[in-house]
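This report concerns only the one structure given below.
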Amino acid sequence: MGSSLSHRPRKRFGQNFLHDAGIIQRIVQAVSPQPGQRIVEIGPGQGAITLPLLEACGKLEVVELDRDLIQPLADRAAGIGELIIHQQDVLKFDFGTLAGDDRLRVVGNLPYNISTPLLFHLIDQSPAIQDMHFMLQKEVVDRMAAAPGNSDYGRLSVMIQYHCKVDPLFRVKPGAFNPAPKVESAIVRLTPWQQPPARLDDLASLSLLVRTAFSQRRKTLRNTLKKLLPAEQIEAADVDPGVRPETISLEQYIKLANQLSRMKTREH
Ligand SMILES: C[S@@+](CC[C@H](N)C(=O)[O-])C[C@H]1O[C@@H](n2cnc3c(N)ncnc32)[C@H](O)[C@@H]1O
């Protein structure tokens with residue numbers, strides 16, 4: 001245990017360790033781990049959430065990049081339950097290799113510097129996931145949960161909401177961590193939809209369209225989507241080409257994406 005206590009948090013790994021027992025308890029209660037469930041934790045660090053999760057479910061897999069944290073973590077888990085540690089970069093981790101029969105539950109106080117690419121990496125695998133509970137920068141949670149018309153509404157909102165139901169749970173103050181981050185944090189629950197919210201012909205079209213639309217938030221769709229979808233095609237999807245990207249709902253983006261797929265098919 002001595003070596004873990006002397007570990008100096010590493011900024012490049014986004015290490016802000018949770019020490020507030022009340023917050024740790026609230027997170028574990030929100031996850032509500034049950035014996036036998038397949039749970040994977042991203043970035044266990046010194047085990048703040050890992051150990052109570054392990055205690056509740058008896059077996060846990062974790063993905064941690066920092067080699068120096070592995071042995072102290074294994075030592076702490078000894079006698080509590082079966083902890084399987086993958087010393088790897090989670091952005092390259094194939095969650096499919098963990099797949100048994102039940103869908104995975106994913107938990108993590110995420111390194112904030114990789115949170116957006118990590119969310120996109122995970123939603124690609126969402127059919128294999130039952131739910132995810134994450135600590136993130138509060139502002140990222142606000143963007144994930146934002147509705148059309150809100151200034152936080154953007155690419156992250158549309159793409160996450162296409163895959164998952166987003167439930168912001170509670171806020172966490174910087175003082176709950178060591179070292180304290182500069183920003184406020186929040187816990188969010190993401191539950192992948194069993195059925196997509198509307199019929200989408202292909203995900204690549206939605207992704208391209210949303211990225212292009214929000215590349216210039218202040219311009220109208222007519223202007224930003226010019227090279228992808230002419231105004232009459234936007235109208236054909238029942239969307240007004242004269243409006244800005246932040247006013248378009250997920251269902252409307254799906255209609256536009258289907259229009260784009262149809263055009264691509266016609267061109268080939
Ligand atoms: C914010 S800390 C959280 C630590 C611990 N779960 C806690 O709540 O105290 C983020 C953790 O993710 C790990 N990490 C950073 N980048 C990672 C990556 N690319 N893949 C896996 N783990 C990573 C860090 O080493 C660190 O342990």
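Whatever order the structure lists ligands and atoms in, that order sets their numbers, starting from 1. Nothing here was measured: the structure is a model prediction, and the numbers come from that model.
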Enumerate, atom names and distances included, each donor-acceptor pair closer than 3.5 Å involving a side-chain atom of residues 165-183, sequence neighbours excluded.
unit_1	atom_1	unit_2	atom_2	d
K165	NZ	D167	OD1	3.3
K165	NZ	D167	OD2	2.9

Q. Are the side chains of R105 and V31 in touch, meaning some heavy atoms are under 4.5 Å apart?
A.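 Yes, side chains in contact.
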Q: Find out whether I160 and L156 are in side-chain contact, i.e. whether some heavy atom of one side chain is under 4.5 Å from a heavy atom of the other.
A: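 They are in contact (side-chain heavy atoms under 4.5 Å apart), so the answer is yes.
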Q) Any luck finding a side-chain donor-acceptor pair between Q259 and R262 under 3.5 Å? A)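 A donor-acceptor contact under 3.5 Å links the two side chains.
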Name the atoms and distances for all side-chain donor-acceptor pairs under 3.5 Å in residues 235-245, with sequence neighbours left out.
unit_1	atom_1	unit_2	atom_2	d
D238	OD2	K255	NZ	3.2
D240	OD1	G242	N	2.8
R244	NE	R218	O	3.3

Which N or O atoms of ligand 1 sit under 3.5 Å from a protein N or O, and how far apart is each pair?
unit_1	atom_1	unit_2	atom_2	d
ligand 1	6 (N)	G43	O	2.8
ligand 1	6 (N)	P44	O	3.4
ligand 1	8 (O)	N109	ND2	2.8
ligand 1	9 (O)	L18	N	2.8
ligand 1	19 (N)	D89	OD1	2.8
ligand 1	20 (N)	V90	N	2.9
ligand 1	22 (N)	L65	N	3.3
ligand 1	25 (O)	Q15	NE2	2.8
ligand 1	25 (O)	E64	OE2	2.6
ligand 1	27 (O)	G45	N	3.3
ligand 1	27 (O)	E64	OE1	2.7

Under 3.5 Å, which donor-acceptor pairs link side chains of residues 209-217 to any protein atom two or more places apart or in another chain?
unit_1	atom_1	unit_2	atom_2	d
T212	OG1	L208	O	2.6
S215	OG	T212	O	2.6
R217	NE	E246	OE1	3.4
R217	NH1	Y153	O	3.0
R217	NH2	S151	O	3.4
R217	NH2	Y153	O	2.7
R217	NH2	E246	OE1	3.2

